[in-house]
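Here's the structure we're looking at; comments come further down.
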Amino acid sequence: MEKLFLEGTKRILLEDNKELVFDYYLVEECRNCQNNVKLYGIKIFQHMRDHLLVEYSEPISDSKEIVEDMIHKLWKNEVTLVTMLEIVDDLVTDCTL
């Protein structure tokens, strides 16, 4: 079972006055619900008019706080779908060093 928790939203105005909206979500997956084993990942939704694109990192950690911190870094630095997975990979590597 998957639950989404909105952690932040960024609005970016493009040169042609179109607006891109990015929603940054914490994803909670219950892998073994009987033992309350939860894993956390990141999803970014990109909205522009009638178009919706989504990028998902898959589960990163069993630590909600670590993944929340990553999401806040992505949100603060306006990371988009194009570079999200590469940056998340770098953040995961930094956490394991």
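Excluded from the calculations below are hydrogen atoms, water molecules and symmetry mates; all remaining heavy atoms, backbone and side chain alike, are included. Nothing here was measured: the structure is a model prediction, and the numbers come from that model.
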When you look at CD of Glu86, are more than 12 heavy atoms from neighbouring residues, nucleotides or ligands closer to it than 6.0 Å?
no

- prompt: Do the non-hydrogen side-chain atoms of Val92 and Met70 ever get within less than 4.5 Å of each other?
  reply: yes

The reported gap from CD in Glu55 to CE in Met84 (rounded to nearest 0.5 angstrom) is 6.0 Å

Original post:
What is the ring orientation for Trp75 with His72, classed by angle as parallel under 30°, tilted 30 to 60°, or perpendicular over 60°?
Top reply: perpendicular

Closest non-hydrogen atoms of Asp62 and Tyr40, given as atom of the first, atom of the second and distance, are O-CE1, 3.6 Å

| Is any side-chain heavy atom of Phe45 less than 4.5 Å from a side-chain heavy atom of Leu6? | no

* May I ask you to check if Lys3 and Tyr25 form a cation-pi contact, with NZ or CZ under 6.0 angstrom from the six-membered ring centre and within 45° of the axis? => no

NZ (Lys73) and CD1 (Ile87) are apart, to the nearest 0.5 Å, by 12.0 Å

Joint hydrophobic cluster, Ile60 plus Leu81, side-chain heavy atoms closer than 4.5 Å: yes

> Passes side chain to side chain contact (heavy atoms under 4.5 Å, CB included), Leu4 versus Glu2? Steps please.
Replying inline: CA-CA 7 Å; Leu4 297 175; Glu2 180 181 283; 4.1 Å; yes

Next item on the list: Would you check if Leu91 and Leu74 make a side-chain contact, meaning some heavy-atom pair closer than 4.5 Å?
Entry: yes

Is any side-chain heavy atom of Val67 closer than 4.5 Å to one of Ile42? yes

Check your understanding: Should Lys43 and Glu58 count as an ion pair when the cut-off is N to O under 4.0 Å?
Key -> no

In terms of hydrophobic clusters joined by side-chain contacts under 4.5 Å, are Leu26 and Val88 together?
yes

ask   = Is any side-chain heavy atom of Val37 less than 4.5 Å from a side-chain heavy atom of Cys30?
value = no

Would a distance-only check, ignoring hydrogens and angles, find a side-chain to backbone donor-acceptor pair under 3.5 Å from Asp69 to Glu65?
-> no

Heavy atoms of Gly41 and Ile71 approach each other most closely as O-CD1, 4.4 Å

Counting C-beta onward and ignoring hydrogens, is there a side-chain heavy-atom pair between Leu20 and Arg11 closer than 4.5 Å? no

* Asked: Counting heavy atoms not belonging to Asp50, are there more than 12 under 6.0 Å from its CG?
  -> no

Interatomic distance, CG@Leu39 vs NZ@Lys64, rounded to 0.5 Å, equals 13.5 Å

Of all heavy-atom pairs linking Ser61 and Ser63, the shortest is OG-N, 2.9 Å

d(Leu14 CG, Ile12 CD1) to nearest 0.5 Å is 7.5 Å

- Query: Are Glu68 and Glu7 side-chain neighbours, meaning at least one heavy-atom pair lies under 4.5 Å?
  - Reply: yes

Margin query: Are the side chains of Arg49 and Lys18 in contact, using a 4.5 Å heavy-atom criterion?
Written below: yes

Note: Phe22 and Gln46 closest approach over all heavy atoms is CE2-OE1, 3.3 Å

Taking every heavy atom of Val79 against every heavy atom of Ile44, the minimum-distance pair comes out as O-CD1, 4.0 Å

